[in-house]
Amino acid sequence: MRSFLTYVLLVCSCLDIPGILGDIGTATSYDPPYLPTKCKGYDQDQFPEGGLFVSASDGLWDNGAACGRRYRLRCISGLRRPCKEGSIVVQVVDFCQHRPCPATMVLSKKAFDAISRIPSAKINIEYAQ
C-alpha cells in the first residue's frame with residue numbers, strides 16, 4: 001500500500017493536474033494609470049517586461065510581502081466562455097485599490113487580455129506561486 005501511495009504522489013507531482021497544484025480564485029482587469037503603486041510608488045522599473053502584472057487582494061497581500069511575488073495563472077471558467085488556452089506568469093506590483101476588492105487578483109489590461117477573450121469579464125483562475 002505504501003509503495004502505491006508513493007507512486008501516486010510521484011505521478012501527481014510531475015503532472016499539471018488542475019486543482020492539485022494551484023489555488024482557485026477570481027480575476028478582473030484594471031486600466032492605466034498604474035502609478036503610483038503600494039509596492040514601489042512611482043518607480044517605472046517595478047513593472048515586469050511584457051506588462052504582465054497584478055494588484056493583489058487582501059488574501060494575497062500579506063502586509064506588503066506579496067510585492068514582487070510571481071504567480072503562474074490560467075483562466076479556468078467564466079460567463080460566455082472567456083478563457084484562452086495556456087497560462088501566464090504575473091508579478092504583484094500593487095495592493096487592490098478598491099474596498100472590497102472585486103477579485104483575488106486584478107490584472108493589468110495586457111495580462112488579462114493574454115488569458116481572456118472578453119475584456120470586461122470576471123473570470124475564475126487557477127494560480128500558484
Side-chain angles (χ1 to χ4, degrees):
M1 179 69 169
R2 184 179 170 111
S3 63
F4 175 73
L5 289 176
T6 303
Y7 173 76
V8 169
L9 290 174
L10 178 62
V11 169
C12 289
S13 68
C14 295
L15 299 174
D16 185 13
I17 300 172
I20 291 179
L21 297 179
D23 292 315
I24 303 297
T26 57
T28 58
S29 65
Y30 72 120
D31 295 315
Y34 297 121
L35 294 174
T37 69
K38 294 282 186 183
C39 290
K40 293 188 178 180
Y42 287 96
D43 184 359
Q44 284 280 359
D45 293 335
Q46 69 185 301
F47 299 112
E49 193 172 318
L52 304 180
F53 56 88
V54 302
S55 290
S57 64
D58 290 322
L60 295 177
W61 183 242
D62 196 16
N63 292 319
C67 288
R69 280 187 192 153
R70 296 170 58 128
Y71 291 91
R72 177 168 298 280
L73 64 92
R74 68 183 181 101
C75 179
I76 56 173
S77 67
L79 294 177
R80 299 187 330 231
R81 298 181 184 193
C83 298
K84 291 181 179 178
E85 291 293 319
S87 64
I88 60 172
V89 175
V90 295
Q91 183 175 322
V92 175
V93 299
D94 206 357
F95 183 49
C96 182
Q97 301 297 316
H98 302 286
R99 298 292 171 269
C101 190
T104 309
M105 292 183 190
V106 183
L107 284 65
S108 67
K109 277 298 202 189
K110 198 164 202 173
F112 198 82
D113 290 346
I115 61 170
S116 175
R117 291 181 185 86
I118 303 172
S120 60
K122 182 172 186 178
I123 60 174
N124 297 305
I125 58 171
E126 179 184 47
Y127 64 96
Q129 188 174 341

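Counting from 1, the numbers follow the sequence of the chain as shown.
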When you measure from the side chain of [X] to the backbone N and O of [Y], does any donor-acceptor pair fall under 3.5 Å?
| X | Y | value |
| --- | --- | --- |
| Thr104 | Thr26 | yes |
| Lys84 | Asp113 | yes |
| Ser108 | Gly51 | yes |
| Gln97 | Phe95 | yes |

Could you report the tightest heavy-atom contact between [X] and [Y], atom names first, then the distance?
| X | Y | answer |
| --- | --- | --- |
| Thr37 | Phe47 | CG2-CZ, 4.1 Å |
| Val90 | Ala111 | CG1-CB, 4.1 Å |
| Gly78 | Asn124 | N-ND2, 4.4 Å |
| Lys109 | Pro119 | NZ-O, 4.0 Å |
| Gly22 | Ala128 | CA-CB, 4.1 Å |

Check for me, please, whether [X] and [Y] land in the same ILVMFWY cluster - side-chain distances under 4.5 Å, paths through other members count.
| X | Y | value |
| --- | --- | --- |
| Ile24 | Ile123 | no |
| Phe53 | Ile115 | no |
| Val93 | Met105 | no |
| Trp61 | Val106 | no |
| Ile88 | Leu60 | yes |

Heavy-atom side-chain proximity of [X] to [Y] below 4.5 angstrom:
| X | Y | answer |
| --- | --- | --- |
| Pro102 | Cys96 | yes |
| Val92 | Asp94 | no |
| Leu35 | Gln46 | yes |

Does the side chain of Tyr30 come under 3.5 Å of the side chain of Ser55 through a donor N or O and an acceptor N or O?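 The answer is yes; a qualifying pair exists.
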Are more than 12 heavy atoms from other residues, nucleotides or ligands located less than 6.0 Å from atom NZ of Lys110?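 No.
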Does atom CZ of Arg117 have more than 12 heavy-atom neighbours from other groups under 6.0 Å away?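 Yes - once you tally the heavy atoms of other residues, nucleotides and ligands closer than 6.0 Å, there are more than 12.
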Once rounded to the nearest 0.5 Å, what's the spacing between atom [atom1] of [X] and atom [atom2] of [Y]?
| X | Y | atom1 | atom2 | result |
| --- | --- | --- | --- | --- |
| Glu126 | Cys75 | CD | SG | 11.0 Å |
| Asp23 | Gln129 | CG | CD | 10.0 Å |
| Cys67 | Asp62 | SG | CG | 10.0 Å |
| Arg99 | Ser57 | CZ | OG | 9.5 Å |

Whether Tyr71 and Tyr127 hold their rings parallel, tilted or perpendicular, with breakpoints at 30° and 60°: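 Because their plane-to-plane angle is over 60°, the rings of Tyr71 and Tyr127 count as perpendicular.
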